[in-house]
Amino acid sequence: MTINPAITVLLVDDQPLLRMGFRLILEGEEDLRIVGEASDGAEAVRLVRELTPDVVLMDVRMPVLDGIEATRAITADGAGSRIIILTTFDVDEYAFAGLQAGASAFLLKDAAPQDLINAVRVVASGDAVVAPRVTQRLLETYVRGTTRPAPVTTAPDPLLADLTPRETEMLEAMAEGLSNAEIAHRYFLSEATVKTHVRRILTKLHLRDRVQAVVYAYETGLVVPSNPDY
């Protein structure tokens with residue numbers, strides 16, 4: 001019987017009590033292992049290079065180097081570690097900045113323990129799903145607040161032209177927050193086929209994961225907020 005290695009996690013927060021709480025929750029799971037803790041972004045960058053954790057739980061507001069800059073530095077290094085931004089508010093400009101910087105997800109600090117555990121597992125798998133009611137609201141709020149209607153003559157990102165019509169449909173469905181199973185059901189495909197499409201989309205667009213693909217879809221105008229009163 002093959003035993004999968006534990007998912008390694010780095011905790012980054014300037015509040016020791018919060019780090020202790022996260023540690024107690026995560027270490028209660030057999031498949032999760034805490035490999036280190038950091039109290040600021042600079043220390044986090046150093047420890048990621050040293051420990052190469054699978055997942056980093058990253059606070060936003062910290063001394064020395066904040067979580068956004070730390071995330072940007074970690075992803076710029078080409079590290080395989082996936083980052084979950086920890087935030088206090090569900091619609092938070094810092095959370096979106098974290099996604100722009102390369103984070104794979106964001107999570108509220110007062111999330112239920114099981115939600116934290118699930119988030120770590122999902123992000124570690126590389127198959128993160130954008131929650132339609134939280135992350136999508138964040139994205140739509142950001143888009144409404146920071147972008148203006150583009151002229152119809154504006155040229156689309158050239159990379160979009162590399163996608164097939166089916167892959168474009170897949171990207172739009174991902175931006176809705178649909179899981180692979182839901183996309184498969186909508187388009188009468190197998191989940192394996194959907195996963196293949198997702199991998200090809202990420203490769204063609206030079207993106208780390210599907211959450212980055214959703215950010216890309218909003219930033220390029222491929223997807224626009226569906227309800228201005230959301």
Side-chain angles (χ1 to χ4, degrees), residues 2-90 92 94-131 134-135 138 179 202 207-212 215:
T2 302
I3 300 177
N4 293 327
I7 297 168
T8 55
V9 182
L10 174 68
L11 305 177
V12 185
D13 197 297
D14 62 341
Q15 298 183 49
L17 283 178
L18 277 178
R19 296 201 307 272
M20 181 184 297
F22 292 140
R23 177 181 282 275
L24 289 173
I25 291 169
L26 298 176
E27 284 193 333
E29 303 299 310
E30 291 184 358
D31 62 331
L32 305 179
R33 181 166 62 90
I34 308 300
V35 292
E37 298 185 17
S39 59
D40 62 66
E43 187 179 11
V45 174
R46 179 181 62 79
L47 287 178
V48 167
R49 290 170 180 163
E50 178 183 323
L51 303 171
T52 61
D54 297 313
V55 177
V56 180
L57 286 181
M58 180 78 75
D59 187 23
V60 171
R61 299 167 180 84
M62 294 181 293
V64 184
L65 189 69
D66 66 33
I68 306 304
E69 291 306 315
T71 296
R72 186 170 289 114
I74 290 168
T75 55
D77 275 352
S81 303
R82 298 185 184 276
I83 300 170
I84 299 176
I85 291 289
L86 297 170
T87 183
T88 305
F89 307 104
D90 57 0
D92 187 337
Y94 291 100
F96 187 85
L99 296 180
Q100 283 186 306
S104 295
F106 85 98
L107 191 69
L108 297 179
K109 283 191 173 184
D110 61 355
Q114 193 58 49
D115 289 340
L116 172 64
I117 293 166
N118 290 341
V120 170
R121 287 173 176 155
V122 169
V123 167
S125 76
D127 192 28
V129 176
V130 178
V134 180
T135 307
L138 173 76
S179 67
L202 298 181
L207 300 170
R208 284 165 57 89
D209 55 39
R210 62 190 297 145
V211 174
Q212 295 303 304
V215 173

Counting distance only, does the side-chain N/O of Thr8 pair as donor-acceptor with the main-chain N or O of Val35 below 3.5 Å? no
Quick one: does any side-chain atom of Ser81 pair with a main-chain N or O of Pro53 as donor and acceptor, under 3.5 Å? yes
Can you tell whether the side chains of Asp77 and Arg49 come within less than 4.0 Å, N to carboxylate O? yes
Listed partners of Ala103 passing side-chain contact (heavy atoms from CB on, under 4.5 Å), at least two apart: Thr71, Ile83, Ile85, Leu99
Go through the steps to decide whether Arg46 and Glu50 satisfy the test side chain to side chain contact (heavy atoms under 4.5 Å, CB included), and finish with yes or no. CA-CA 6 Å; Arg46 179 181 62 79; Glu50 178 183 323; 3.3 Å; yes
Which atom of [X] lies closest to which atom of [Y], heavy atoms considered:
X	Y	answer
Arg82	Val123	CD-O, 2.8 Å
Ala44	Met58	CB-CE, 4.2 Å
Leu116	Leu57	CD1-CD1, 3.8 Å
Asp66	Val60	CB-O, 3.3 Å
Ala101	Ile68	CB-O, 3.8 Å
Ala42	Asp40	N-OD1, 3.0 Å

Test item: Val56 and Val12 side chains (from C-beta on) under 4.5 Å apart, heavy atoms: yes
Distance in Å, [X] [atom1] paired with [Y] [atom2], rounded so as to fall on 0.5 Å steps:
X	Y	atom1	atom2	result
Leu47	Ile74	CG	CD1	9.5 Å
Leu11	Met20	CG	CE	11.5 Å
Met62	Glu43	CE	CD	9.5 Å
Leu86	Phe22	CG	CZ	5.0 Å

Tell me, with the steps shown, if Thr87 and Leu108 meet side chain to side chain contact (heavy atoms under 4.5 Å, CB included). CA-CA 5 Å; Thr87 183; Leu108 297 179; 4.0 Å; yes
For a quick check under 3.5 Å, do Asp14 and Ser39 share a side-chain donor-acceptor pair by atom type? no
Would you list the atom pairs, donor with acceptor, under 3.5 Å between side chains in residues 24-31 and any protein atom, with sequence neighbours excluded?
from: Glu27; atom 1: OE2; to: Arg23; atom 2: NH1; distance (Å): 2.7
from: Glu29; atom 1: OE1; to: Arg121; atom 2: NH2; distance (Å): 2.8
from: Asp31; atom 1: OD1; to: Arg121; atom 2: NH2; distance (Å): 3.0
from: Asp31; atom 1: OD2; to: Arg121; atom 2: NE; distance (Å): 2.9

Give the intermediate values and the outcome of side chain to side chain contact (heavy atoms under 4.5 Å, CB included) for residues Val55 and Leu10. CA-CA 6 Å; Val55 177; Leu10 174 68; over 6 Å; no
Kindly indicate, with the supporting measurements, whether the criterion side chain to side chain contact (heavy atoms under 4.5 Å, CB included) is fulfilled by Gln15 and Asp13. CA-CA 5 Å; Gln15 298 183 49; Asp13 197 297; 3.4 Å; yes
